[in-house]
Amino acid sequence: MLRMSTLFLRTLRDDPSDAEVASHKLLVRAGYVRRIAAGIYSWLPLGYITLRNIERVIREEMDRAGFQEVHFPSLLPKEPYEATNRWNEYGPDLFRLKDRKDGDYLLGPTHEEMFTLMVKGEYSSYKDLPLVIYQIQTKFRDETRPRSGIIRGREFVMKDSYSFDLDDEGLAKSYERHRDAYIKTFNRLGLRFNIVSAMSGAMGGSRSEEFLAPCPTGEDTYVLCEKCGYAANVEAMKTKVSPYSGETPAAIEELDTPNTPTIDSLVDVMNERFGGGYKASDTLKNVLLMADGEAISVLVPGDREVDLKRVAANLPGVVDLRLFDDEDFAKRKELVKGYVGPQDAKRFGLKLYADPRIVVGSHWITGANKLNRHARYVTHGRDFQVDGFIEAAEVRAGDECPECSHPVIIDRAIEIGHIFQLGRKYAQALDLTVLDHEGKSQVVTMGSYGIGVSRAVAAVAEQTHDELGLSWPIEIAPAKVHIVATGKEEAPFTEAEKVALALESSGITVLFDDRRDASPGVKFKDAELIGNPIILIFGKSLADGKVELRIRKGNEKREVPLQSVITEVISLLS
RNA sequence: CGGGACGUAGCGCAGCUUGGUAGCGCACAUGGCUGGGGGUCAUGUGGUCGCGGGUUCAAAUCCCGCCGUCCCGACCA
């Protein structure tokens, strides 16, 4: 039993000055965590119990799914990470250090290499597969900007598992097993979440989904269709298009369009010239990019911006993507800033990528590749061909759902889990192979599955708190019942103690506020701040043989006869 | 990395413009009153004023440098 009289806890009346989001403020005020450095936190008893409760739920679901727990060091040698090139690729986000012999070490940001090598060391036959192993481990990433308290720390607790299969069907099964286990886990944690398709991107592999807990302070934006449930990361959102159905336009017509380097100025001039009717969406924006040193042109409708993240996610293999700068324009004199059009791309040796909205047959007003000149009736398929379609334009609320055409909304969320099919990247790099049934060597295919454990504490706090404080779901609350004894008489304290002991002996955890020197107001405020799901108050009404029972969530109150308190609590918890 | 703000007691803040005994609230200690909503009165404890240098008889305060923290952006899983 936890007793407030001895619990290592000090609640705070004021919000900490460095906290912005609710979970951060409340976890600090309620004495769950304390900041040590930017993005680095200590866990006090209440917080640590909560964190371990979340770990317990995760473990139970992982074990139930048949996965096996292992534990790696956090302090790791550089060599495995050199073999996969991540020692370089990870860049400054990696915490690096040296030992006394000047050897390079790192604090593990994620453990694909270690898991792969561990399996390589033990297994060498297809008969050993499939295999899933996981760990709950402290991870380190030297984030450029840690923020939002423990939502995005530089040191954090993560559950990561890895699946090992002989073939794609096996990988698909391991992936599904994780998906199911994650759904069960997050439901038990009391989180509302959406499963969102994501890009596996440069990591290779095919399928990838994120588990996002919607919450206004979340730092991830995603697209959601409230009608059919389609959800996608902004990068992964697919554009809904229909084939061109209009008439074939007249031949290209070049126009004098002085001082129209922007879409807005172009639309104004067109409307002046032709008496109105032109919109930004009738124009074609040619955005020039440098992709790993190669110039490419991306076409989007004039009323949309290019979303570089979407472009990057849809150009696999490209590491460095940026907009043309003045220097680039200076080097390519044929590309006239503000007057670029796709008609001459071949001649200019430019690769052309089009947003799916630029359908074949559609015609546009676009640059004539001459200063102060534009062209109209420039038709896709007739006047220019593209090297490929690519999701390039920004996603907006109200865009059509690719599944059901209903307008989508854009929402914010905290990423609490991510599952994806890694494929053979790591197994290949580290030469993890097994012999198949024909005795031939096969590279193993892998999946990687993460849950942000410490982040989940904050995510639950974000989703469940109210204006009075924290409010935990039953499974993870530091105690299931918070018992308050008030007054200066002995009876409330002795009766409360009896009930507390009885509950504990039934396996129900109790936090007992047995302080003699705190006023009732202080105890009530603390109980609400701390956020255990059931609050029992032994005080005034005890004279009538009654105890006040409160449900923290919703703050419902009622009086219960002393004799039936225990059965009442038990039935509420089951 | 770019822009902005901040650093004074465990926490939240004032003092800095105009240099001269370091202050308030919470928390903490002791005692009294109070005892169902962070109550109240009294008396206390607690400070390298982020660090280093400079100016000055004298620096929390003015000047220079550094470090740290938070927010927005870029970046990242």
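A, B, ... follow the sequence lines: proteins, then strands. Residue 1 opens every chain. From a predicted model like this one, the values you see are computed outputs, not experimental measurements.
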For the base of B:G38, is there a side-chain donor-acceptor partner from A:R29 under 3.5 Å away?
-> yes
B:U69, B:C72, B:G36: which one has an atom nearest the side-chain heavy atoms of A:P520?
->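 Nearest nucleotide to the side chain: B:G36.
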Nucleotide nearest A:R141 when distance is taken to its side chain, options B:A27, B:A77, B:C72 |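 Looking only at heavy atoms from C-beta outward on A:R141, the closest nucleotide is B:A77.
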Pick base, sugar-phosphate or nothing for [X], based on heavy-atom distances below 4.0 Å to the nucleic acid.
X	value
A:R455	base
A:D220	base
A:T11	base
A:A518	base

Considering only nitrogen or oxygen atoms on both sides, find all protein atoms under 3.5 Å from nucleotides 10-16 of chain B and state each distance.
from  : atom 1 : to    : atom 2 : distance (Å)
B:G12 : OP1    : A:S17 : N      : 3.0
B:G12 : OP1    : A:S17 : OG     : 3.0

Could you list all the ring-ring contact (aromatic ring centres under 6.0 Å, His included) pairs where at least one residue sits in residues 13-52 of chain A, not counting sequence neighbours?
->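 Qualifying pairs, neighbours excluded: A:H24-A:Y41, A:Y32-A:W472.
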Counting only Watson-Crick pairs (N1-N3 plus N6-O4 or O6-N4) and G-U wobbles (N1-O2, O6-N3), all under 3.5 Å, who is the partner of [N]?
N	answer
B:G68	B:C6
B:G23	B:C13
B:G37	none
B:G44	B:C28

Looking at A:D307, A:V196, A:V408, which one forms a side-chain contact (heavy atoms from CB on, under 4.5 Å) with A:M237?
-> A:V408
For atom P, what is the distance between B:C11 and B:C49, given to the nearest Å?
-> 16 Å
For A:F140, is the NZ or CZ atom of A:R154 found under 6.0 angstrom from the centre of its six-membered ring and inside 45 degrees of the ring axis?
-> no
A:K546 atom NZ, over 12 foreign heavy atoms within 6.0 Å = no
Are A:F211 and A:F186 an aromatic pair by the rule of ring centers under 6.0 Å?
-> yes
Please work out which of the three classes, parallel, tilted or perpendicular, describes the rings of A:F67 and A:H178, given edges at 30° and 60°.
->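 Because their plane-to-plane angle is under 30°, the rings of A:H178 and A:F67 count as parallel.
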